[in-house]
Number of protein chains: 2
Amino acid sequence: MRASALKDDVSFLLARANALSLSAGHAALAPFNLRVRSYSILALVADDIRPSQRDIAEHLRLDPSQVVSLIDDLQTRGLVKRDPDPTDRRTNVVVMTDEGRELFRSAHDAVRAAERDLHSHLSPDQRERLSELLLLVAFPD
Amino acid sequence: MRASALKDDVSFLLARANALSLSAGHAALAPFNLRVRSYSILALVADDIRPSQRDIAEHLRLDPSQVVSLIDDLQTRGLVKRDPDPTDRRTNVVVMTDEGRELFRSAHDAVRAAERDLHSHLSPDQRERLSELLLLVAFPD
DNA sequence: TATTGTTATACTCTATAACTATA
DNA sequence: TATAGTTATAGAGTATAACAATA
């Protein structure tokens with residue numbers, strides 16, 4: 001069964017690997033009341049890049065309209081806030097609050113632990129190479 | 001932006017790579033009136049493994065109840081059919097029809113072409129290694 | 001008792017179009 | 001004329017529980 005036409009199909013392997021990773025991620029994030037997508041936004045904002053909602057949408061491959069409600073939720077919970085961009089009154093810049101930073105730190109640890117667990121059968125070298133190759137595929141530019 | 005906390009996060013890269021691959025896949029499959037999931041079922045059935053619906057569900061990480069409606073659709077279109085398993089009257093074995101085989105062949109070509117295009121910036125060696133590593137991650141057993 | 005396929009339901013995610021305020 | 005954010009809506013994907021037939 002493993003040796004089906006799909007087994008050398010990179011798209012299929014990608015889909016299955018991602019499904020496993022998503023499950024593990026959601027399980028790890030549940031205690032923090034975060035989903036993978038809200039966690040990703042926190043991660044993006046955590047670096048003090050001050051991204052606009054548009055930046056977030058593009059980097060996370062989300063529609064701008066989805067970002068609205070995700071940020072709404074995070075803002076309601078006091079984890080991020082919207083700052084007006086002084087140079088363009090149309091755009092909001094998303095920044096992290098102290099509570100957000102703290103929650104993200106714990107969530108980040110949990111995610112890393114889950115990931116380490118999920119890939120425990122890979123050698124450090126294999127993990128490294130996987131990461132490099134995936135970066136190429138995820139950001140082909 | 002590319003250099004955010006997420007860039008060395010395998011889960012994130014996996015998610016983004018999969019999103020790109022899904023888009024390309026859906027675009028390639030649209031002319032055949034297939035979605036990625038129905039295509040995957042065809043691919044699994046195409047090898048004459050005669051999988052049960054349960055087998056399909058497990059291998060594709062779908063809930064058995066989802067498989068029902070996917071097979072319903074494919075069967076209505078005459079692409080697959082359900083054969084009773086002689087050794088266990090509870091289970092259906094899913095097999096391909098001639099039309100199904102023919103459609104799958106064309107769809108398979110289209111998917112391969114799209115995939116080749118999507119990974120055209122990788123060397124053959126990199127593609128090979130990516131495939132091997134993903135197989136390890138997708139099937140950790 | 002446990003398992004296969006099935007039905008039903010609710011929730012999340014994804015995709016699209018249209019609107020407003022700014023540029 | 002184009003872009004950022006927003007609202008609304010519909011469709012696809014996901015998760016769960018319960019049931020009949022069979023093992």
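Computed over heavy atoms, backbone and side chain alike; hydrogens, waters and symmetry mates excluded. Residue numbers start from 1 in every chain, and the chains themselves are labelled A, B, ... in the order their sequence lines are given, proteins ahead of strands.
- For the side chain to side chain contact (heavy atoms under 4.5 Å, CB included) with Val137(B), the lone residue among Leu134(A), Leu122(A), Asn18(A) that qualifies is Leu122(A).
- If you check distances only, the side chain of Arg90(A) does reach the base of dT3(D) with a donor-acceptor pair under 3.5 Å.
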For His121(A) and Phe139(B), run ring-ring contact (aromatic ring centres under 6.0 Å, His included): C-alpha distance rounded to whole Å, both residues' side-chain angles, the deciding distance at 0.1 Å, then the answer. CA-CA 11 Å; His121(A) 60 301; Phe139(B) 294 93; over 10 Å; no
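- The phosphate of dT14(C) has neither OP1 nor OP2 within less than 4.0 Å of any side-chain N or O from Arg61(A).
- Without hydrogens or angle criteria, Thr76(B) side chain to Asp72(B) main chain gives a donor-acceptor distance under 3.5 Å.
- In this structure, Arg35(B) reaches the dG13(D) phosphate: one of its side-chain N or O atoms is under 4.0 Å from OP1 or OP2.
- Between Arg54(A) and dA4(D), a side-chain N or O to OP1/OP2 separation shorter than 4.0 Å is present.
- To the nearest angstrom, P of dT3(D) lies 14 Å from CG of Asp55(A).
- Rounded to whole angstrom, the span from the CD1 atom of Ile71(A) across to the P atom of dA4(D) amounts to 15 Å.
- Rounded to a whole Å, the CG atom of Leu22(B) is 9 Å from the P atom of dT14(C).
- Protein atom CD of Gln53(B) is 13 Å distant from nucleotide atom C1' of dT3(C), rounded to whole Å.
- The residue among Val36(A) and Arg89(A) whose nearest nucleotide of DNA chain C lies closer to the 5′ end is Val36(A).
- Note on Ser52(A): only backbone sugar-phosphate atoms sit closer than 4.0 angstrom, heavy atoms only; bases stay farther off.
- Between Tyr39(B) and His108(B), the ring-plane angle classifies as parallel under the 30° and 60° cut-offs.
- Taking only side-chain nitrogens and oxygens, Gln66(B) never comes nearer than 4.0 Å to OP1 or OP2 of dT6(C).
- In this model, the phosphate group of dG13(D) is approached by a side-chain N or O of Arg37(B) to a distance below 4.0 Å at OP1 or OP2.
- When rounded to the nearest whole Å, the span between CG of Asp73(A) and P of dT12(C) equals 11 Å.
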Could you walk me through whether Asp48(B) and Arg101(B) pass the salt bridge (Lys or Arg N to Asp or Glu O under 4.0 Å) test, one step at a time? CA-CA 10 Å; Asp48(B) 300 319; Arg101(B) 202 172 299 281; 3.1 Å; yes
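- Checking Asp88(A) against Leu62(B), the closest nucleotide of DNA chain D that is more toward the 5' end is the one next to Asp88(A).
- In this structure, of dG5(D), dT7(D), dT6(C), it is dT6(C) that holds the atom nearest to the side chain of Val68(B).
- For a distance-only test at 3.5 Å, the side chain of Ser65(A) qualifies as a donor-acceptor partner of the base of dT16(C).
- Contact between the side-chain N/O atoms of Arg82(A) and the OP1/OP2 oxygens of dT6(D) is found at a separation under 4.0 Å.
- Base engagement by Asp63(B) is indicated by at least one non-hydrogen atom pair under 4.0 Å involving a base atom.
- Protein atom CG of Leu34(A) is 14 Å distant from nucleotide atom P of dT12(C), rounded to whole Å.
- Atom CG of Leu70(A) is separated from atom P of dA4(D) by 18 Å (rounded to the nearest Å).
- Summarising the geometry, the separation between CG on Asp85(B) and P on dT3(C) is reported as 17 Å, rounded to the nearest angstrom.
- Defined by atom type and a distance below 3.5 Å, a donor-acceptor pair is missing between the side-chain atoms of Asp125(B) and Ser123(B).
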